[in-house]
Student: 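The structure follows.
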Amino acid sequence: MATVDQVMEGARDVMTVRRVFGEPVERGGVTFIPVAAVKGGGGGGSGEDPEKGQTGSGAGFGAQARPVGAYVIRGDRVEWQPALDVARLAMGGMVLAGLITLTAKTAIKRRG
């Protein structure tokens, strides 16, 4: 089982700038630098009961990363190209459709 120090070391490795900015890729004189949003959290604890001779400890860490876009470098020009998050767009569309439906139902009830 991993110690708290090992978990924290792993967390430090995950939460670095290397995870946010990917390795540059060059194709045909154009350089792409991928960019991600990275977030994470963790916790740990320990305890002991001297009367029963018991000790315990625990730790955990989780991280999430999602692409947000890429810097595109052509010569001396740098452009930002945002990533298209289809899942987020779909969720936004569903929320909007739900709000429209609720608004329409409310308007119909008030008229009728």
Side-chain angles (χ1 to χ4, degrees):
M1 180 162 62
T3 67
V4 173
D5 288 337
Q6 290 169 327
V7 170
M8 293 307 295
E9 183 61 35
R12 277 190 286 276
D13 183 48
V14 169
M15 303 300 284
T16 66
V17 73
R18 291 187 321 246
R19 303 290 184 212
V20 175
F21 295 99
E23 291 295 320
V25 177
E26 186 184 347
R27 296 285 188 270
V30 179
T31 302
F32 301 90
I33 302 173
V35 181
V38 180
K39 62 183 174 180
S46 65
E48 61 182 70
D49 186 345
E51 292 178 12
K52 295 181 181 178
Q54 297 176 333
T55 62
S57 66
F61 179 79
Q64 177 184 21
R66 65 177 182 81
V68 293
Y71 286 104
V72 180
I73 304 169
R74 288 183 182 94
D76 60 352
R77 284 191 55 206
V78 177
E79 284 183 55
W80 171 252
Q81 292 292 317
L84 181 62
D85 189 345
V86 178
R88 185 173 277 190
L89 286 175
M91 181 62 73
M94 288 187 280
V95 168
L96 182 60
L99 288 173
I100 290 170
T101 302
L102 289 173
T103 303
K105 285 176 98 175
T106 303
I108 291 170
K109 282 184 181 180
R110 287 187 181 172
R111 284 189 168 185

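The model shown is predicted, which means the values in this text are computed figures rather than measured ones.
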Student: Check step by step if side chain to side chain contact (heavy atoms under 4.5 Å, CB included) holds for F32 and Y71.
Tutor: CA-CA 6 Å; F32 301 90; Y71 286 104; over 6 Å; no
Student: Membership question, hydrophobic clusters at under 4.5 Å side-chain separation (ILVMFWY): are V68 and V20 in the same one?
Tutor: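 Same cluster: V20 reaches V68 through Ile, Leu, Val, Met, Phe, Trp or Tyr contacts under 4.5 Å.
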Student: With rounding to the nearest 0.5 Å, note down the distance linking CG in L84 to CG in L89.
Tutor: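 Here the interatomic distance stands at 5.0 Å.
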Student: Just list the side-chain donor-acceptor pairs under 3.5 Å for residues 90-105, sequence neighbours left out, or say none.
Tutor:
residue : atom : partner : partner atom : Å
T101    : OG1  : A97     : O            : 2.9
T103    : OG1  : L99     : O            : 2.8

Student: Taking all non-hydrogen atoms of both residues, which atom of P67 and which atom of A83 are closest, and how far apart?
Tutor: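 Minimum heavy-atom contact is O-CB, 3.9 Å.
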Student: For E26, give me all partners under salt bridge (charged side-chain N to carboxylate O under 4.0 Å, His left out), at least two apart in sequence or on another chain.
Tutor: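 With neighbours one apart ignored, the set is empty.
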Student: Evaluate the criterion side chain to side chain contact (heavy atoms under 4.5 Å, CB included) for residue pair T31 and V25; output intermediate values, then yes/no.
Tutor: CA-CA 6 Å; T31 302; V25 177; over 6 Å; no
Student: For R66, check side-chain hydrogen bond (donor to acceptor under 3.5 Å, both in side chains) against everything at least two apart and list the hits.
Tutor: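 Once residues adjacent in sequence are excluded, R66 has no partner under the side-chain hydrogen bond (donor to acceptor under 3.5 Å, both in side chains) criterion.
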Student: Determine whether V72 and F21 fall in the same hydrophobic cluster, where Ile, Leu, Val, Met, Phe, Trp and Tyr are linked whenever their side-chain heavy atoms lie under 4.5 Å apart.
Tutor: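 Different clusters: V72 never reaches F21 through Ile, Leu, Val, Met, Phe, Trp or Tyr contacts under 4.5 Å.
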